[in-house]
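Order of the sequence lines sets the chain letters (A, B, ...), proteins ahead of strands, with each chain counted from 1.
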Amino acid sequence: MAIKYELIKECKQTGARLGRLHTPHGIIETPIFMPVGTQATVKAMTPEELKEMEAQIILSNTYHLYLRPGHDLVKEAGGLHKFMNWDRPILTDSGGFQVFSLGELRKITEEGVTFQSHIDGSKHFLSPEKVMEIENALGADIIMAFDECAPYPADHDYVKKSLERTTRWAVRCKDAHTNTENQALFGIVQGGMYKDLREQSAKELIALDFPGYSIGGLSVGEPKELMYEVLDYTAPLLPKDKPRYLMGVGSPDALIEGVIRGIDMFDCVLPTRIARNGTAMTSVGKIVIKNAKFTRDFSPLDPNCSCYCCKNYTKAYLRHLYKADEILSSRLMSTHNLHFLIDLMKQVRQAIMEDRLLDFRNEFFERYYGISHL
RNA sequence: GCGGCUGUCGUCAAGCGGUUAAGACAAAGGACUGUGACUCCUUCAUACGUGGGUUCAAUUCCCAUCAGCCGCC
C-alpha cells in the first residue's frame, strides 16, 4: 500500500480528527491544507519557500500537465517530484474538475470526455484509463480518480446518472491503476446536494475499497450552509480508517467547519489567487491591499503573523507593489496567505489535540468575521 | 512682433450643428473556493480654455481674448 492513515485522536468537543498520513514522500499531519500548484508550480512560490512556510503536500493537475508540457516529458524528466524539485508528497487531480469548468469546450460520454484544449483549441480525449496513464507517468503520491463534477444547481436525475457514471469510471480507474505500491488512488464521492445520492455514491465507492476518499462536487456555487449540510451527512459515511479529502475548499471558515465535520484534507486556489489579486487573509479578517486607507499604513499585513512577508514588509509597501504591478506583490501576498492557512490548520490540529476545537472556531470567527457564528 | 497649429475628465483621446460627450490609462470600491485568472465587475465630464455672436439648436460655425506648440524675423 502506498499510503497509510493513522487516526491519532478525535476532538471531544467536535469529533474532528487528528491524524497522520504516511506517504512515499513523507508523513503528512492532518487535518491539512494543500497549496495548489496546477502547472507543476505553486504560482509565484519556490519549493524552498513552501517548505519555509511548512507546506507538507501540494497538489498538481493532470489536465494541465497532459496538455503542457505533456506527461511523457514529465516522466522523461524523472517524474513530477524531480521535474519541479519538490521532494515532499504530491497529489494530482484527475482533470475531472476541468471537464466541469471547461464548459462549452467538452462533450461527456460513457467512454470518456472529448474536449478542446483551452490553449490551442486542439481536440483531445480523456478516459479513466488515459487519466491513470497520465497520473502514473506524473508519479504523485496520491492520485485522483477521473470523475464528473456536476454543476450546481443540477436536478436529481442528472446528478444520479452522473454519479453512477463516476462510479463506473472509478472501477475503470482502479483496474487501470497498476502502480499501487507507490501511488494511492482516491475515489471521489459525488451526488450533488442530494442526501440519497451522496449515500449511494459513498456506498458504491467504499465497496471498491480505495485507500482514501474525497468529497467532490461542493464549493461549486452553492450557499455555504448547504455545503455544510451535505458534509454533515456525507463525511460520516466514509471509513474511519481512511483519509477524507474535501476538494476545492479553502476559505478559513469552510476549512474549520469542514474539519469539525470530519474532513482531513483540503486544497484550494483561493489563497494564491486572491493574493495575486491583492487580497490577504489575516487574523483579523480580509484585507484588500489596494485600498487607499493603506497608503500610509506602515504596519505589517497581520500583526500576529510570523511569515516572511509580515516580518519584513508594511502594508504601504505591499500596496505600492500591487499598484505598480510588481511581481514581488504576488510573491509576498502568496507567501502570507499560504502561511496563514497552513498555520490555521496547525492551530486547528493543536485545538483538536486539546479537545477545544469548538472554542477555537468561535474565537477565530469572532476575530476574522467580527461575528460570533454561534 | 508676424504667420500657422492646438486647446474636450488627473492623463491620452473620439466626437466637428441636435449624442446619455466614445474609448484607454489613472483613481475609488468589490469579486475570486479540485486555477482557462498579474483576471473579472462596478463607479468616475449638466462638462467641452474664456467672453461674445450666428442659429430653433452650438463642444461642433464666426469674432475676440487667453494659453501652449511650431515656424519666421
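Spacing between atom NE2 of A:His124 and atom C1' of B:rG36 amounts to 13 Å, rounded to whole angstrom units. Between the P atom of B:rU35 and the CZ atom of A:Arg276 lies a distance of 12 Å, rounded to the nearest Å. For the pair A:Tyr63 OH and B:rU35 C1', the interatomic distance rounds to 11 Å; values are reported in whole Å. Distance A:Met34 CE to B:rG34 C1': 8 Å, rounded to the nearest Å. Atom P of nucleotide B:rA27 and atom NZ of A:Lys293 are separated by 18 Å, given to the nearest angstrom. A straight line from CZ of A:Phe186 to C1' of B:rG34 spans 13 Å, rounded to a whole angstrom. In this structure, A:Phe97 places its CZ atom 12 Å from C1' of B:rC32, rounding to the nearest Å. Atoms CG (A:Leu328) and P (B:rC38) sit 17 Å apart, rounded to a whole Å.
Spacing between B:rG23 and B:rC66 at atom P, rounded to whole Å, works out to 36 Å. Across B:rG51 and B:rA58, the matching C1' atoms stand 15 Å from one another, rounded to whole Å. A distance of about 14 Å separates the C1' atoms of B:rG7 and B:rC12, rounded to the whole Å. B:rC40 and B:rG4 have their C1' atoms separated by 48 Å, given to the nearest Å. B:rU55 and B:rU43 have their C1' atoms separated by 38 Å, with the value rounded to a whole Å. With C1' as the reference atom, B:rA47 and B:rA13 are 16 Å apart, rounded to whole Å. Using atom C1' as the reference point in both B:rA27 and B:rA45, the two lie 15 Å apart (nearest Å). Using atom P as the reference point in both B:rU59 and B:rU46, the two lie 14 Å apart (nearest Å).
Contact annotation: side chain of A:Ser329 to base of B:rC38, donor-acceptor pair absent below 3.5 Å. Residue A:Asp147 places a side-chain atom within donor-acceptor reach of the base of B:rG34, judged by atom type and a 3.5 Å distance cut-off alone. With hydrogens and angles ignored, no donor-acceptor pair closer than 3.5 Å exists between the side chain of A:Ser101 and the base of B:rU35.
The side chain of A:His64 lies closest to B:rU35, out of B:rG30, B:rU35, B:rG34. Taking the side chain of A:Asp93 as heavy atoms from C-beta on, and the options B:rC32, B:rG34, B:rG29, the nearest nucleotide is B:rG34. When distances are taken from the side chain of A:Lys290 to each of B:rG34, B:rC38, B:rG30, the shortest belongs to B:rG30. Side-chain atoms of A:Leu105 lie closest to B:rG36 of the nucleotides B:rC38, B:rG36, B:rG34. For A:Arg273, the listed nucleotide lying nearest its side chain is B:rA37; candidates were B:rG34, B:rA37, B:rA28. For A:Tyr322, the listed nucleotide lying nearest its side chain is B:rU39; candidates were B:rU39, B:rC38, B:rU35. When the nucleotides B:rG30, B:rC32, B:rG36 are ranked by their closest atom to the side chain of A:Gln98, B:rG36 comes out on top. Comparing B:rG30, B:rG36, B:rG34 against the side chain of A:Met247 picks out B:rG34 as the nearest. With B:rA28, B:rG34, B:rG29 as the candidates, the nucleotide lying closest to the side chain of A:Lys323 is B:rA28. For A:Asn277, the side-chain atoms get nearest to B:rU39 when compared with the rest of B:rG36, B:rU39, B:rG30.
The nearest heavy atom of RNA chain B to A:Ala150 and to A:Asp325 marks one nucleotide each, and the one closer to the 5' end goes with A:Ala150.
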Secondary structure of RNA chain B in dot-bracket form (Watson-Crick or G-U wobble, distances below 3.5 Å, | marking inter-strand pairs): ((((((((.[[[..)..(....]]].(((((.......))))).....[[[[[..)....]]]]]))))))).
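Within the 4.5 Å cutoff, no side-chain heavy atoms of A:Phe364 are placed close to those of A:Gln347. Residues A:Lys286 and A:Thr282 fail the side-chain proximity criterion, which asks for heavy atoms closer than 4.5 Å.
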Where do A:Leu80 and A:Ser60 land on the side-chain contact (heavy atoms from CB on, under 4.5 Å) test, with the steps shown first? CA-CA 9 Å; A:Leu80 188 53; A:Ser60 199; 3.8 Å; yes
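A:Ser214 comes within 4.0 angstrom of nothing in the nucleic acid, heavy atoms only. Residue-level contact check: A:Leu59 touches the backbone only, with heavy atoms under 4.0 Å from sugar-phosphate atoms and none from bases. A:Ser330 comes within 4.0 angstrom of no nucleic acid atom, judged by non-hydrogen atoms across all strands. A:Gln190 comes within 4.0 angstrom of a base, heavy atoms only. Here A:Gly258 lies out of heavy-atom contact (under 4.0 Å) with every strand.
Shown here is A:Lys224, whose NZ atom has more than 12 heavy atoms of other residues, nucleotides or ligands within 6.0 Å.
Sorted by first and then second residue, the side chain to side chain donor-acceptor pair (under 3.5 Å) pairs involving residues 326-339 of chain A (not counting sequence neighbours) are A:Glu49-A:Arg331.
Each of A:Leu138, A:Asp87, A:Ile90 was checked for a side-chain contact (heavy atoms from CB on, under 4.5 Å) with A:His81, and the lone residue meeting it is A:Ile90. In summary, of the residues considered (A:Arg20, A:Lys242, A:His22), a side-chain contact (heavy atoms from CB on, under 4.5 Å) with A:Lys4 occurs for A:His22 alone. Results of the side-chain contact (heavy atoms from CB on, under 4.5 Å) test with A:Arg261 over A:Ile256, A:Asp232, A:Thr14, A:Thr234 single out A:Asp232 as the only residue that passes.
In plain terms, the two heavy atoms of A:Leu318 and A:Cys309 that are nearest each other are CD1-SG, 3.8 Å.
For an aromatic pair to be called close, the ring centres must be under 6.0 Å apart, and A:His118 with A:Tyr63 satisfies this. Here A:Tyr308 and A:Tyr313 bring their ring centres to under 6.0 angstrom of each other.
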Pairs under 3.5 Å (N/O, protein and nucleotides 42-45 of chain B):
none

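Contact check, A:Asn61 against B:rG36: no side-chain N or O comes under 4.0 Å of OP1 or OP2.
A salt bridge links A:Arg361 with A:Glu257; the closest basic N to acidic carboxylate O contact falls under 4.0 Å.
A:Gln183 places a side-chain N or O within 3.5 Å of a backbone atom of A:Glu135 that can act as its donor or acceptor partner.
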